[in-house]
Amino acid sequence: NDKLLESLKELRDLGNTLIVVEHDEDAIRSADFVVDLGPGAGELGGEVMAMGTPEEIMHNPRSLTGQYLSGAKRIAVPTRNESKPAEWLSLCGATGHNLKAVDLRLPLGKMVTVSGVSGSGKSSLVIDTLYAALQAKLNGAKTDPLPFASLDNVEALDKVVMVDQTPIGRTPRSNPATYTGLFTMIREVFGQTQIARERGYTAGRFSFNVKGGRCEACQGDGLVKMEMHFLPDVDVPCETCHGKRYNRETLEVKYKGLDISEVLNLTVSQALEVFESYPRILRILKALEAVGLGYIRLGQSATTFSGGEAQRVKLATELARPDTGRTLFILDEPTTGLDPQSRHSMWSIIKQLNSMGITIFLTTQYLEEAEQLADHIAILDQGRILTEGTPAELKKLLPQGIVEFEFPDSSMLEAAISCTGDYTTKPVMEEQKLIIYTDGSAEELSELFHIFSSNDIKILKFYQKLPNLEDVFLTLVHEREDVQ
């Protein structure tokens with residue numbers, strides 16, 4: 001992420017103007033000017049809430065983004081499951097793509113993350129090997145996983161579910177109602193109305209995919225493709241049904257004053273009130289709202305959803321289903337591209353699933369996220385697992401304190417490195433900074449200052465902090481490079 005931001009700054013410094021659409025906190029803080037839209041998502045947004053420098057955004061009370069940047073609002077850290085796992089799932093000898101005979105152990109019933117930079121082998125290990133192998137063993141899928149030696153204790157699971165950011169459908173006929181199964185239930189409700197029974201209409205009458213109740217002029221699409229010859233074709237509303245998809249007779253059937261087309265145009269939040277007396281429908285609607293999708297419309301075309309929205313529709317669908325607790329959920333980068341508020345909703349739902357005894361296995365590039373979410377973490381780099389364990393176990397790989405010194409130029413940095421020698425554990429260099437792992441004591445810090453001052457080394461600034469997983473990762477990478 002830092003390298004990408006540096007590349008963007010270099011482009012800017014060459015005289016270019018860059019417009020970046022991003023939720024990433026580091027990217028927003030690095031911007032020269034920020035435009036914050038809101039106040040909500042979908043049709044609840046569309047307003048400019050704040051404009052200015054990141055500092056100005058942070059002090060604007062109308063900006064939700066600014067409140068998260070300033071710390072006025074925070075994403076609540078979920079409670080961690082501290083109990084010891086009763087069973088483990090073991091994958092051994094994974095060698096596909098860049099994987100180098102990787103062995104991976106997953107504690108069942110826990111929240112597990114595989115972290116690593118892009119290209120480290122996360123998808124090859126988790127999706128192309130583990131998921132594909134479990135699909136074949138549990139679901140009888142005809143998938144060919146990447147090569148591996150063995151997969152043990154599969155019998156402890158009865159289902160594996162992948163929740164990724166691929167589209168929920170690739171045509172305008174696909175929508176949240178059809179994907180989640182809501183549409184079948186809603187059609188049944190219309191089929192039970194008095195006027196439908198009088199006319200002999202069944203639930204099938206209210207499908208826009210078959211003849212009978214749909215508009216035949218557009219065949220239930222609501223749109224007609226207009227050829228533009230030398231320009232791309234354009235979809236325009238059907239002149240017969242005016243985009244409603246159904247014929248006049250079908251639209252005469254109402255439930256609570258709404259026809260089937262009007263129901264499909266309801267948002268999830270609005271539909272909760274309309275179908276409050278139908279528990280099966282409510283279960284799905286509440287799951288959609290819980291993942292932060294109360295603003296989407298039931299009949300909204302699947303092609304209009306972002307990857308993050310599509311992933312949350314899939315997650316809500318699984319959340320609404322009864323579960324035995326012997327399920328493994330695999331989530332691929334579940335919070336990528338989400339704003340802080342949506343990330344909070346996603347974290348809450350993931351933890352809710354985990355509290356039901358479901359094993360959650362997710363990939364993420366963000367070690368901070370892994371540290372806050374996971375019960376067990378595996379850090380992957382260049383096709384190898386650098387280390388794995390609980391967050392507390394991984395932090396023990398480093399001393400308990402970190403001091404970061406920043407120097408005015410590279411010559412001062414080089415002098416500082418030569419002076420510290422073997423005084424502390426190996427320093428880690430970044431730009432003009434020297435990061436030294438220490439025991440964090442005042443005596444050690446005082447001694448470091450004495451060494452620098454006696455050698456006429458000027459310090460621009462410094463700060464102390466406790467080690468986190470990013471520090472663990474950097475240290476292990478440096479150690480591996482030294483060995484190579």
Side-chain angles (χ1 to χ4, degrees), residues 42-43 161 163 166-193 195-197 199-216 218-223 235 237-238 241-291 293-305 309-322:
E43 63 184 41
V161 177
V163 183
T166 55
I168 59 172
R170 299 187 182 275
T171 70
R173 290 181 182 273
S174 300
N175 57 51
T178 58
Y179 185 86
T180 60
L182 272 174
F183 195 34
T184 299
M185 301 177 201
I186 290 172
R187 289 190 290 112
E188 289 172 353
V189 170
F190 273 87
Q192 294 166 3
T193 59
I195 187 171
R197 292 199 302 270
R199 296 183 179 185
Y201 294 167
T202 64
R205 174 85 189 192
F206 302 94
S207 171
F208 50 68
N209 290 317
V210 295
K211 291 182 179 180
R214 73 182 184 184
C215 169
E216 289 303 322
C218 61
Q219 296 188 323
D221 280 338
L223 301 169
D235 289 327
C238 173
C241 66
H242 305 289
K244 291 191 172 184
R245 297 186 166 198
Y246 295 91
N247 57 34
R248 178 178 56 80
E249 292 79 12
T250 304
L251 294 176
E252 288 173 351
V253 180
K254 310 265 187 186
Y255 173 73
K256 290 191 174 181
L258 301 171
D259 61 43
I260 185 68
S261 178
E262 290 169 330
V263 166
L264 288 176
N265 200 39
L266 294 174
T267 65
V268 168
S269 297
Q270 291 169 337
L272 280 167
E273 298 179 18
V274 175
F275 295 102
E276 60 184 353
S277 57
Y278 289 88
R280 290 172 61 216
I281 294 177
L282 276 185
R283 183 182 176 90
I284 297 174
L285 291 173
K286 286 180 178 179
L288 286 166
E289 189 168 60
V291 297
L293 294 178
Y295 61 90
I296 66 171
R297 297 191 179 277
L298 302 185
Q300 185 176 332
S301 171
T303 59
T304 65
F305 289 124
E309 287 173 326
Q311 188 173 43
R312 282 183 282 167
V313 171
K314 295 177 185 179
L315 190 60
T317 303
E318 295 299 333
L319 185 65
R321 290 175 179 161

Donor-acceptor check, side chain of [X] to backbone of [Y], threshold 3.5 angstrom: yes or no?
X: Thr250; Y: Gly213; result: yes
X: Thr180; Y: Pro176; result: yes
X: Arg214; Y: Gly220; result: no
X: Asp259; Y: Ser261; result: yes
X: Thr317; Y: Val313; result: yes

Between [X] and [Y], which heavy-atom pair has the shortest distance, and what is it?
X: Leu264; Y: Ala177; result: CD2-CB, 4.2 Å
X: Ile168; Y: Ala310; result: CG2-O, 3.7 Å
X: Ala287; Y: Leu319; result: CB-CD2, 4.1 Å
X: Glu289; Y: Leu272; result: OE1-CD1, 3.1 Å

Quick one: does NZ or CZ of Arg205 land under 6.0 Å from the six-membered ring centre of Tyr201, within 45 degrees of the ring axis?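 Yes, Arg205 sits over the ring of Tyr201.
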
Over-ring placement of Arg245 relative to Phe208, 6.0 Å and 45° cut-offs: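 Cation-pi check for Arg245 and Phe208: passes.
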
Within a strict 4.5 Å, meaning less than it, do heavy atoms of the Ile186 and Val263 side chains meet?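 In short, these two side chains touch, coming nearer than 4.5 Å.
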
Any Lys244 side-chain heavy atom under 4.5 Å of Cys215 side chain: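 No - every pair of side-chain heavy atoms lies 4.5 Å or more apart.
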
Roughly how far, to the nearest 0.5 Å, is [atom2] of [Y] from [atom1] of [X]?
X: Phe275; Y: Met185; atom1: CZ; atom2: CE; result: 11.5 Å
X: Leu285; Y: Gln270; atom1: CG; atom2: CD; result: 11.5 Å
X: Cys218; Y: Asp235; atom1: SG; atom2: CG; result: 11.0 Å
X: Ile195; Y: Phe190; atom1: CD1; atom2: CZ; result: 11.5 Å

Do NZ/NE/NH1/NH2 and the carboxylate oxygens of Arg199 and Glu249 come within less than 4.0 Å?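 Between Glu249 and Arg199 there is no salt bridge, as every charged N stays at least 4.0 Å from the carboxylate O atoms.
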
Between [Y] and [X], do the side chains contain a donor N or O and an acceptor N or O under 3.5 Å apart?
X: Arg173; Y: Asn209; result: yes
X: Glu188; Y: Tyr278; result: no
X: Thr303; Y: Ser301; result: yes

Going through the distances and angles, do Thr178 and Phe183 end up as a side chain to side chain contact (heavy atoms under 4.5 Å, CB included)? CA-CA 5 Å; Thr178 58; Phe183 195 34; 3.8 Å; yes

Are Glu318 and Lys314 close enough, and set up right, to give a salt bridge (charged side-chain N to carboxylate O under 4.0 Å, His left out), and what steps lead you there? CA-CA 6 Å; Glu318 295 299 333; Lys314 295 177 185 179; over 6 Å; no

Crowded around Arg280 CZ? As in, over 12 foreign heavy atoms under 6.0 Å?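 Not buried by this count: 12 neighbours or fewer within 6.0 Å.
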
Just checking Lys254: does its NZ atom have more than 12 heavy atoms from other residues, nucleotides or ligands closer to it than 6.0 angstrom?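 More than 12 within 6.0 Å, yes.
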
From the options Leu288, Leu293, Val163, select the one residue that forms a side chain to side chain contact (heavy atoms under 4.5 Å, CB included) with Leu315.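 Output: one option passes, namely Val163.
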
Quick one, Asn247 with Glu216, criterion side chain to side chain contact (heavy atoms under 4.5 Å, CB included). Give me CA distance, side-chain angles, the key distance, then yes/no. CA-CA 8 Å; Asn247 57 34; Glu216 289 303 322; over 6 Å; no

Should Leu298 and Leu182 be marked as a side chain to side chain contact (heavy atoms under 4.5 Å, CB included) after you check the CA-CA gap, both sets of side-chain angles, and the distance that decides it? CA-CA 8 Å; Leu298 302 185; Leu182 272 174; 4.2 Å; yes

Step by step, work out the side chain to side chain donor-acceptor pair (under 3.5 Å) result for Gln300 and Thr304. CA-CA 7 Å; Gln300 185 176 332; Thr304 65; 3.0 Å; yes

Any chance the rings of Tyr255 and Phe206 have centres within less than 6.0 Å?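 Judged by ring-centre distance (under 6.0 Å), Tyr255 and Phe206 do not meet the cut-off.
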
Tell me, with the steps shown, if Leu266 and Val274 meet side chain to side chain contact (heavy atoms under 4.5 Å, CB included). CA-CA 9 Å; Leu266 294 174; Val274 175; 3.8 Å; yes

